[in-house]
Every structure is written in C-alpha cells, then in structure tokens.
There are 2 protein chains.
Amino acid sequence: MEINIAVAALAALAQETRLAIFRRLVEAGPEGLNAGAIADALGLPAATLSFHVAQLNRASLVAARQEGRFIFYSANFAAMDELLAYLTDNCCQGGACLPKAARNLPSARRKSK
Amino acid sequence: MEINIAVAALAALAQETRLAIFRRLVEAGPEGLNAGAIADALGLPAATLSFHVAQLNRASLVAARQEGRFIFYSANFAAMDELLAYLTDNCCQGGACLPKAARNLPSARRKSK
DNA sequence: TCCATGTTTCCATTATCGTGGAAATATTTG
DNA sequence: CAAATATTTCCACGATAATGGAAACATGGA
C-alpha cells in the first residue's frame with residue numbers, strides 16, 4: 001500500500017460521522033445496510049449521509065451495490081486489513097505498537113509492497 | 001479509547017506530510033529527532049514542520065522533550081497501540097480484518113473502554 | 001404511464017486546514 | 001551581554017471540508 005492510499009483511507013475515517021458510519025457497517029457485516037437505514041440509525045439528513053458514504057466509497061473502504069431501489073453499502077474488510085497492515089508495518093517499530101494480544105507473534109511483518 | 005480520541009489520532013495521521021513525519025519518528029525510535037533534523041530529512045520549511053508536529057503532539061501521537069537548545073520529538077508507541085486496538089476492536093468484525101499474520105490468535109479482543 | 005419511495009446532485013454557507021515568509025522567543029556559547 | 005542557532009508564533013492567502021434544504025434522478029409497482 002502506498003502512502004497516498006493510506007492517507008486517503010485514514011482521512012476517510014478521520015471524521016466522527018464517517019467513523020460512526022463505518023462502525024455501523026462493520027457491525028452490519030457483509031450484507032451491509034441501505035443508505036436510508038444508515039441515515040436513520042445515525043439521525044443524519046439524506047444529503048449528509050450520501051456525502052460521507054461517497055467519501056468512504058472513494059477511499060475504497062465501503063462498497064456499494066444496488067438492490068431494487070435501495071443501495072446497500074458494506075464495509076470493505078480487505079481494505080481495512082490493508083490499512084492496519086500498513087500502519088503496523090510502517091508506524092510500529094518492530095511491531096512495538098501492535099496490540100498487546102498480537103505482540104508476541106513469530107513474525108507479524110508482511111510483504112512491504 | 002473514545003471515538004473522539006480515535007478521530008483525533010486518525011486526523012493527525014491523515015495527511016501526507018504528517019504521516020511522513022510520524023514514520024520518520026517511528027524509524028528513529030524512542031530517542032526521536034530534533035525539529036531541524038526532521039525538517040531537513042523531509043525538506044520542509046521550519047514553520048511547516050512546526051505546524052504539523054504540533055498537531056501530532058496535540059493528538060498525543062508524538063512526545064516532545066527539550067534537550068539543550070534542541071527539541072526532540074519522538075513517536076508515542078503506546079498511543080499508536082491504542083489506536084490500532086480501537087480499529088481492530090471497532091472496525092473489524094470479530095477480527096475479520098486483522099492483518100493475516102495476527103488473524104489466528106487465541107483472543108485479540110481487548111478491554112473495550 | 002403515473003406515483004411513491006430511495007438516493008444523489010446541486011448549491012450556498014460557514015468553518016477549518018495547509019503553506020511558508022517574517023518576526024518573535026528560547027537557549028547555549030563566547 | 002551579544003551573537004549564533006533552534007524553534008515557534010504570527011499572519012495572510014488559497015484550498016478543501018462539512019452541512020443540509022431543495023431539486024433532480026432512478027427504480028419498482030399499480
């Protein structure tokens with residue numbers, strides 16, 4: 001993962017409303033939720049929800065699929081995996097800041113790409 | 001970790017210059033680097049470096065210590081640990097997006113607060 | 001086809017961010 | 001104290017982000 005992509009993903013999550021949306025989608029699992037359901041759950045105007053979900057989508061953290069007249073959004077777990085890998089690889093010296101539970105692994109390093 | 005703190009940390013890292021600074025400090029280890037050295041390494045004007053490092057500091061991702069007439073900045077590994085823990089706890093369904101190397105752990109869950 | 005429903009785009013407004021030169025503020029050394 | 005060096009604060013500029021109402025754009029059903 002290049003730094004630009006990591007920055008884009010971080011920026012997408014670095015906003016309270018968007019982080020809340022993403023958490024909700026993670027909670028919802030692979031099925032995801034349609035736009036209205038997210039808006040209802042978080043008490044957001046449709047335009048605001050649409051704006052934020054579009055940003056998450058642009059950063060590839062959220063996928064969209066049409067289903068009837070609904071649009072379902074779902075968390076992209078693989079992208080989150082890559083972001084976490086980037087952070088552990090580049091922002092932790094020798095895994096020094098991996099969560100304690102993961103700290104004493106044989107080798108948590110990953111292909112640098 | 002509360003959502004506000006996570007957002008603040010993410011926002012601090014969600015900027016190319018700042019992420020580069022943080023990476024450099026991680027690389028430098030606990031000793032850290034003085035402001036001028038960081039600026040030189042990244043080719044940044046002093047004012048710009050100071051601005052960004054202050055943001056990282058406000059987000060508690062970077063610590064500062066005076067040493068003679070230099071000010072040394074160093075990465076706060078514990079804070080990074082907490083951020084990673086927040087992300088894995090709240091943005092990965094059952095650890096579904098933990099980096100592969102860490103995925104099959106007995107229990108990567110951590111105290112929620 | 002017409003209507004209801006779901007979602008996005010358009011728009012204007014306000015607020016905040018990133019940048020870097022210049023001046024101000026430490027701190028050490030002579 | 002004065003000079004040199006390190007860093008920050010001040011300032012102004014342009015750029016981008018967040019918000020939400022209203023209008024436009026699908027889509028499915030009667």
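Throughout, protein chains are lettered first and strands after them, A, B, ... in sequence-line order, and every chain is numbered starting at 1.
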### Task
Kindly state each residue pair satisfying salt bridge (charged side-chain N to carboxylate O under 4.0 Å, His left out) with at least one member in residues 17-39 of chain B, sequence neighbours excluded.
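Sorted result for residues 17-39 of chain B: empty, none.
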
### Task
Write out all pairs satisfying salt bridge (charged side-chain N to carboxylate O under 4.0 Å, His left out) with one or both partners inside residues 62-80 of chain B, taking only residues at least two apart or from two chains.
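Every salt bridge (charged side-chain N to carboxylate O under 4.0 Å, His left out) pair that includes a residue of residues 62-80 of chain B, provided the two are not neighbours, is R65(B)-E67(B).
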
Whole-Å distance between [N] [atom2] and [X] [atom1]?
X	N	atom1	atom2	value
D40(A)	dT5(C)	CG	C1'	13 Å
R65(B)	dT27(C)	CZ	C1'	16 Å
Q15(B)	dC17(C)	CD	P	11 Å
E67(A)	dT27(D)	CD	P	14 Å
L56(A)	dA17(D)	CG	C1'	14 Å

Side-chain N or O of [X] less than 4.0 angstrom from OP1 or OP2 on [N]?
X	N	answer
H52(B)	dT19(C)	yes
Q66(A)	dT7(C)	no
T48(B)	dG20(C)	yes

Honestly curious: do [X] and [Y] fall in one hydrophobic cluster under the side-chain, below-4.5 Å linking rule?
X	Y	value
F51(A)	L61(A)	no
L56(A)	F70(A)	no
I5(A)	L19(B)	yes

### Task
Could you pick out which residue, G68(A) or R18(A), lies toward the 5' side of DNA chain D when each is mapped onto its nearest nucleotide?
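First, find each residue's nearest nucleotide; the 5'-ward one identifies R18(A).
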
Distances for protein N or O near nucleotides 7-13 of chain D N or O, under 3.5 Å:
| residue | atom | partner | partner atom | Å |
| --- | --- | --- | --- | --- |
| dT7(D) | OP1 | N34(B) | ND2 | 3.4 |
| dT7(D) | OP1 | A35(B) | N | 3.2 |
| dT7(D) | OP1 | I71(B) | N | 3.1 |
| dT7(D) | OP2 | N34(B) | ND2 | 3.4 |
| dT7(D) | OP2 | G36(B) | N | 2.6 |
| dT8(D) | OP1 | Y73(B) | OH | 2.1 |
| dT8(D) | OP2 | S50(B) | OG | 3.0 |
| dT8(D) | O5' | S50(B) | OG | 3.2 |

### Task
Taking all heavy atoms of N34(A) and all of F72(A), pick out the closest pair and write down the distance.
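What the structure gives for the nearest pair is N-CD2, 3.6 Å.
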
